[in-house]
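Computed from heavy atoms alone, side chains included, the values below leave out hydrogens, waters and symmetry copies.
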Amino acid sequence: MSACTRGPGRYYPVAVTASNDLRWTALTVDDVPALTALLNRIDAAEEHGEPAEEPSIREWLTMPGQDLPDGSIAVREGDRLIGFGMADVTPSLDPDGQARCNLSGGVDPAARRRGIGTRLYEQLEQRAVALATERHPGAPAVLRTAGGVDPTPGTAPSAPGGGADVRPLLERRGYRRIRSWLRMVRELPGPSLPAVSTDRIRVIAPSDAHREPTREAHIAAFGDHWGSTPPTAERWAIWWSSHTARRDLSTIAVGPEGEVLSYALASEDKPGVLHFALVGTRPTARGRGLARAVLGRSLAAAAASGYGSAELEVDSESLTGATRLYEALGFTAEKVFATYQKMADQPARTRVEA
């Protein structure tokens, strides 16, 4: 039984199963090779086509603010890592004044049906609440996790990668579906894109000098978005310089005074596929075609560099109508992912196991 949880830029399955006579410890950086191998075994079983790489997993485990001793779990059987969990509490409160706790994890397909997933959730919730209390005293804590992929129309709900297997567990623990996300794809080069007039605004690839101005633009762009919290300068620096980042294929729109108005930050997580990790426009600059301009430049540059496709994930209820923009640029929805949520004081429902 499995679902998908957002990891360092990708989705990783969360197995919903568990066992006795196992060693439950914290993850360490030394676990990077074993964790990468575990994620790839899960990915192969779930048929997501999202293989993990050691550099990305190392960046994830060493992300500033990531508390491995108190916020991670490693499930070991002998010398083999067969399960893991991560509880990441955001450094800032969300727009509703809540401490947002993101839970993720996974269990080896060969070790399922032993209760490991249930125990992972129990422990991760406890660790997340403890970290949230330490970092944000007095603030309510909200627990969020992924609820898997909606089944493709016409396929069985229990098909690999579906969410039907994990959702009963989440609902028993008091979680409810709170949001849906679309993965959208576009073939490259694809249909030509119309030119966008930007007057005195420069549409260019960002340099290192644009790192902090782009973070400031991102904070402004997402300040009114659901569940968004401003990234710290330390975390932003890791994302900006990630080994998968493609700065040459990223694009920013810079105003006459040097202010970053809009941005499309790209990475290459899979060979030949350009992934737009972040796209946004300052509220004061919306309605001027800047998002279309920055995406258009990146798409054209990616096609010229030999990329076969581009992809991104978007909130299906985006306040800015982002889904319509992406559709106008030739993107089509490929998969629908779910986010599940509960308040930390929401009890799990008891159930007698067969």
Side-chain angles (χ1 to χ4, degrees), residues 3-15 24-40 42-43 50 52-76 81 83-94 98-107 120-137 139 141-146 211 215 218-219 222 227-245 265 267 269 275 277-278 313 339 341 344:
C4 293
T5 290
R6 189 74 170 166
R10 312 306 304 154
Y11 285 89
Y12 293 126
V14 173
W24 295 69
T25 70
L27 285 166
T28 72
V29 177
D30 291 339
D31 288 314
V32 166
L35 180 55
T36 304
L38 171 60
L39 290 169
N40 284 328
I42 295 172
D43 181 76
E50 303 287 355
E53 297 180 335
E54 288 190 16
S56 293
I57 303 308
R58 185 174 298 276
E59 289 171 356
W60 185 27
L61 295 189
T62 58
M63 185 71 66
Q66 194 77 272
D67 189 332
L68 292 185
D70 293 330
S72 74
I73 299 171
V75 186
R76 309 178 194 275
L81 182 70
F84 82 99
M86 297 280 285
D88 184 23
V89 178
T90 54
S92 302
L93 299 177
D94 70 13
Q98 302 172 135
R100 194 177 72 192
C101 309
N102 299 308
L103 309 184
S104 59
V107 175
L120 271 174
Y121 268 100
E122 292 171 350
Q123 292 197 17
L124 283 174
E125 289 173 10
Q126 294 170 6
R127 294 180 183 220
V129 170
L131 288 172
T133 301
E134 177 184 336
R135 295 181 182 180
H136 308 291
V142 60
L143 304 174
R144 289 185 187 158
T145 189
R211 185 181 72 190
R215 184 177 78 95
H218 175 69
I219 291 172
F222 279 80
S228 177
T229 60
T232 65
E234 293 77 15
R235 284 200 171 196
W236 186 264
I238 298 297
W239 294 335
W240 186 265
S241 301
S242 165
H243 82 286
T244 62
L265 301 185
S267 61
D269 305 316
H275 179 78
L278 292 171
E313 289 89 29
T339 293
Q341 171 180 298

Worksheet entry | Candidate pair Leu120 and Val107, rule side-chain contact (heavy atoms from CB on, under 4.5 Å), full reasoning | CA-CA 9 Å; Leu120 271 174; Val107 175; 3.9 Å; yes
Discussion item. Give me the atom names and distance for the closest heavy-atom approach of Ala344 to Val129.
Written reply: CB-CG2, 3.6 Å
Worksheet item: Is Met86 close to Leu103 at the side-chain level, that is, under 4.5 Å between some pair of heavy atoms?
Response: no
Item to complete: Using a 4.5 Å cut-off on heavy atoms from C-beta on, say whether the side chain of Ile73 contacts that of Leu124.
Response: yes
Practice prompt. Indicate whether the side chain of Thr244 and that of Ser242 have a donor and an acceptor atom separated by less than 3.5 Å.
Written response: yes
Practice prompt. Using modelled atom types only, decide if a donor and an acceptor are shared between the side chain of Glu59 and the backbone of His243 within a distance under 3.5 Å.
Written response: yes
Item to complete: Applying side-chain contact (heavy atoms from CB on, under 4.5 Å), run through Arg76 and Thr25 and close with a yes or a no.
Response: CA-CA 8 Å; Arg76 309 178 194 275; Thr25 70; 2.9 Å; yes
Fill in: Verdict with supporting geometry, Cys101 and Arg144, side-chain contact (heavy atoms from CB on, under 4.5 Å)
CA-CA 6 Å; Cys101 309; Arg144 289 185 187 158; over 6 Å; no
Response to the item:
Closest non-hydrogen contact found for Ala245 with Trp240 is CB-O, 3.7 Å
Discussion item. Do Glu53 and Thr36 have side chains that approach each other closer than 4.5 Å (heavy atoms only, starting at C-beta)?
Written reply: no
Worksheet entry | Nearest heavy-atom neighbours spanning Pro231 and Arg215 | O-NH1, 2.7 Å
Practice prompt. Could you tell me whether the side chain of Leu35 reaches within less than 4.5 Å of the side chain of Leu61, counting heavy atoms only?
Written response: yes
Worksheet item: Given side chains that start at C-beta, do those of Asp31 and Phe84 come closer than 4.5 Å, heavy atoms only?
Response: no
Worksheet, complete the sentence: Separation between CZ (Arg211) and OG (Ser241), nearest 0.5 Å, reads 6.0 Å
Discussion item. Is any side-chain heavy atom of Trp60 closer than 4.5 Å to one of Asp88?
Written reply: no
Item to complete: Determine the interplanar angle of the Trp236 and Trp239 rings, folded into 0 to 90°, and report it as parallel if under 30°, tilted if 30 to 60°, perpendicular if over 60°.
Response: perpendicular
Worksheet, complete the sentence: Taken to the nearest 0.5 Å, the spacing of Leu68 CG from Met63 CE works out to 11.5 Å
Fill in: Side-chain touch Asp70/Leu131, heavy atoms, less than 4.5 angstrom
yes
Practice prompt. Calculate, to the nearest 0.5 Å, the distance between atoms NE2 and OG belonging to His218 and Ser228 respectively.
Written response: 5.5 Å
Fill in: CA sep, side-chain torsions, deciding dist, call: Thr90, Asn102, side-chain contact (heavy atoms from CB on, under 4.5 Å)
CA-CA 8 Å; Thr90 54; Asn102 299 308; 4.0 Å; yes
Worksheet item: Any sub-3.5 Å donor-acceptor pair from Arg127's side-chain atoms to Ala87's backbone N or O?
Response: no
Response to the item:
When every non-hydrogen atom of His136 is compared with those of Ala99, the smallest separation belongs to CD2-CB, 3.7 Å
Response to the item:
In short, Arg135 meets Gly65 closest at the heavy-atom pair NH2-O, 2.9 Å
Worksheet entry | Separation of Leu38 CG from Asp43 CG (nearest 0.5 Å) | 11.0 Å
Discussion item. Contact between Val32 and Pro55 at the side-chain level, heavy atoms closer than 4.5 Å - yes or no?
Written reply: no
Worksheet, complete the sentence: Smallest heavy-atom separation, Ile238 atom then Pro64 atom, equals CG1-CD, 3.7 Å
